[in-house]
Amino acid sequence: MGFRRNMTEALELPKEILLHLPLISFIGQEEVTIENYKGILEYSEETVRIGTAAGILRLEGQGLCLKQLSAECMVVTGRVEKMEFLQ
C-alpha cells in the first residue's frame, strides 16, 4: 500500500477514494457522517463501532441513532462525546 499512498500524494488525488479510507464529517456533537465504511460491528444508543480500511472506528455518546444508511455512507445522530480508532 506504500506505493499507492505515495502516488496518491504525489498526484494530489483524494486519499479517501483511492486508498478506501473513511471520510468523517462532524456537525458539532450532533451528527457524524462516515463515508467509505465496511460495516457496522456494534450498534446501541451509547456505542457504534464501524469497520473501516483504517481500523475500527468507535463512536460513544448518548442517544446515538442511525439516521441514514447506504452502501456509500452512514449518518449517526445523537450526542457524540468520543470518537477513536481501535487496533
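It should be emphasised that the depicted structure is a prediction, and the values quoted were computed from it without experimental measurement.
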Rounded to the nearest 0.5 Å, what's the gap from CZ on R49 to CD on E60? Could you check? 10.5 Å
Let me confirm one number: the CD1-NZ distance from I56 to K38, rounded to the nearest 0.5 Å. 10.5 Å
Under 4.5 Å side-chain linkage, directly or through intermediates, the cluster mates of I50: I24, F26, V32, I34, Y37, I40, Y43, V48, L57, L59, L64, L66, L69, M74, V76, V80, M83, F85
What are the two closest non-hydrogen atoms of L21 and A54, and how far apart are they? CD2-CB, 4.2 Å
Please give me the minimum heavy-atom distance between Q68 and C73, naming the atom from each residue. NE2-SG, 3.9 Å
Compute whether any side-chain donor of one residue and acceptor of the other, for E81 and Q62, lie under 3.5 angstrom apart. yes
Determine, stepwise, if the pair E31 / K67 fulfils side-chain contact (heavy atoms from CB on, under 4.5 Å). CA-CA 9 Å; E31 186 172 291; K67 177 181 173 185; 3.4 Å; yes
Is it the case that the side chain of N36 and the backbone of L23 share a donor-acceptor pair, with hydrogens and angles ignored and the cut-off at 3.5 Å? no
